[in-house]
Protein chains: 2
Amino acid sequence: MSDPHDVLFAHFDRYLALDDGERKALKERSHVRRLKKRGFLLQEGEVCRSYAFVVEGCLRMYELDAKGVEHNLQFAQENEWIVDIGSFHAEKPSSLFIEALEPSTVVCIEHADLLHLYTEHPKFDRNFRVIIEDQFVELQQRMLRRNASSAEQRYAHFVEQHPSLAARVPNVHIASYLGVTPEFLSRLRAKTSKGS
Amino acid sequence: MSDPHDVLFAHFDRYLALDDGERKALKERSHVRRLKKRGFLLQEGEVCRSYAFVVEGCLRMYELDAKGVEHNLQFAQENEWIVDIGSFHAEKPSSLFIEALEPSTVVCIEHADLLHLYTEHPKFDRNFRVIIEDQFVELQQRMLRRNASSAEQRYAHFVEQHPSLAARVPNVHIASYLGVTPEFLSRLRAKTSKGS
DNA sequence: CTGATCCCTTGATCTGGATCAAGGTCATTT
DNA sequence: AAATGACCTTGATCCAGATCAAGGGATCAG
């Protein structure tokens with residue numbers, strides 16, 4: 001198995017690649033954390049302390065509503081970031097949970113450390129800007145689909161765009177992410193598998 | 001009336017304020033554009049050339065679906081930014097429209113100019129990162145509400161959080177933004193105004 | 001091995017919100 | 001001043017998806 005930090009460095013190669021000094025700083029300013037299945041990286045009421053990069057495994061971020069129903073906001077698997085940015089930057093209590101759906105390994109950067117990286121190495125400002133711009137675009141498209149497409153279309157799109165998530169994540173969670181009940185998603189699946 | 005660029009400079013004071021050199025560069029690398037009511041800043045099929053800051057007026061960004069129905073993705077009024085970031089950065093045709101709902105004044109930064117600002121003045125990387133992080137957090141919360149709340153709750157929240165938009169934007173557009181039909185929004189309004 | 005817990009499915013029924021249709025009020029244009 | 005069009009409302013009906021209820025197959029801990 002490769003060093004978690006190497007996976008992270010390789011991830012940055014997709015943007016502006018880090019030089020040795022930046023890699024060293026990033027390594028010093030982050031730490032590896034391992035979570036077992038159903039372990040929490042963040043729970044409601046806590047401040048989100050870690051900007052987390054998933055090296056291995058799969059996590060979800062969700063909210064618990066007044067009726068006790070969970071609403072999945074985001075999944076993150078290998079080479080993806082997960083954090084409650086609002087809570088992280090403001091250092092205020094989060095209303096979200098981040099939970100490992102499988103045994104997972106993440107690289108965590110804490111608030112003070114990220115600020116340090118930003119000011120010492122402007123390339124991080126650049127790279128994190130681009131990373132979040134990409135996430136923003138995806139979220140906008142998801143919002144549009146939520147308003148413009150039927151549950152059936154949204155599910156088909158999800159399976160097409162995220163086949164690995166569709167395979168590794170329980171359908172209950174996909175249903176919640178898409179904004180439908182698990183029962184209804186089950187019916188959709190029954191219908192479309194019959195059709196093929 | 002104050003100079004549109006001064007409004008933009010004042011906007012940046014809320015983040016890391018610009019120094020004289022940065023202000024000069026920003027002024028040189030941007031231009032003011034005035035739109036009449038129903039004028040377009042972007043139309044489907046075009047590349048989104050401008051990262052636009054609203055000095056005065058109000059615009060909306062929307063998609064037109066296969067059935068010819070519009071879906072509002074975002075509003076922008078004074079001191080807010082509007083752009084199809086995906087199209088802007090990739091310089092690829094957009095599937096969105098940006099239309100002025102009122103006579104409006106915007107400051108536009110084109111792609112090459114923004115890249116120039118980013119590389120010459122790293123503070124822009126920082127400021128635009130923070131700006132989009134804030135937008136991202138808002139959009140996440142909107143996504144959660146879309147999945148967790150009823151149309152009635154979403155409308156009440158919209159009016160509470162965006163009273164000025166609720167006052168200046170036609171209800172048809174608010175309905176589309178919230179993901180309901182104008183007819184249904186009208187019924188919600190009738191019900192809640194009776195209740196008070 | 002054995003309960004307990006997930007997770008998925010299927011049936012019956014209900015409802016939030018959509019659709020279709022019509023009419024009314026303003027504001028803008030000619 | 002008529003006419004067009006944008007915007008809002010209200011009624012009647014319909015449907016996508018929710019809710020409630022039950023059962024069944026994995027998987028996992030003790």
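Naming convention: chains lettered A, B, ... in sequence-line order (proteins, then strands); numbering from 1 in each chain. Atoms considered below: every heavy atom in the structure, side chains included; atoms not considered: hydrogens, waters and symmetry mates.
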Given atom CD of E183(A) and atom P of dT15(C), what is their separation to the nearest angstrom?
-> 16 Å
Out of dA12(C), dC7(D), dC6(C), minimum distance to the side chain of R187(A) belongs to dA12(C)
L188(A) atom CG is separated from dG17(D) atom P, nearest whole Å, by 7 Å
Between C1' of dG16(C) and CG of L178(B), the distance in whole Å | 15 Å
Nearest-neighbour nucleotide for the S186(A) side chain, dT10(C), dC6(C), dC7(D) considered = dT10(C)
Honestly curious: do L8(B) and L59(B) fall in one hydrophobic cluster under the side-chain, below-4.5 Å linking rule?
-> yes
Side-chain N,O (T181(B)) to OP1/OP2 (dG17(C)) below 4.0 Å = no
Once you round it to whole Å, what is the distance between C1' of dC6(C) and CD of E70(A)?
-> 13 Å
Closest-nucleotide ordering on DNA chain C, the 5'-leading residue of N171(A) and K37(B) = N171(A)
What's the CZ-P distance between R38(B) and dA27(C), to the nearest Å?
-> 14 Å
R189(B)-Y155(B) side chain donor-acceptor pair, cut-off 3.5 Å = yes
State, yes or no, whether a side-chain contact exists between V7(A) and F53(A) at a heavy-atom distance under 4.5 Å.
-> yes
Any side-chain N or O of S150(A) under 4.0 Å from OP1/OP2 of dA16(D)?
-> no
Taking atom P of dA16(D) as reference, at what distance in whole Å does atom NZ of K191(A) sit?
-> 8 Å
In whole Å, what is the span from the CZ atom of R60(B) to the P atom of dA6(D)?
-> 11 Å
Heavy-atom closest pair, residues V54(A) and A76(A) = CG2-CB, 3.9 Å
Donor-acceptor pair, R154(A) side chain versus S149(A) backbone, under 3.5 Å?
-> yes
Pick the nucleotide of DNA chain D nearest each of S149(A) and F184(B); which residue has the one closer to the 5' end?
-> F184(B)
Atom CG of N147(A) and atom C1' of dG17(D) are separated, to the nearest Å, by 16 Å
Side-chain donor or acceptor of R189(A) under 3.5 Å from a matching atom on the base of dT10(C)?
-> no
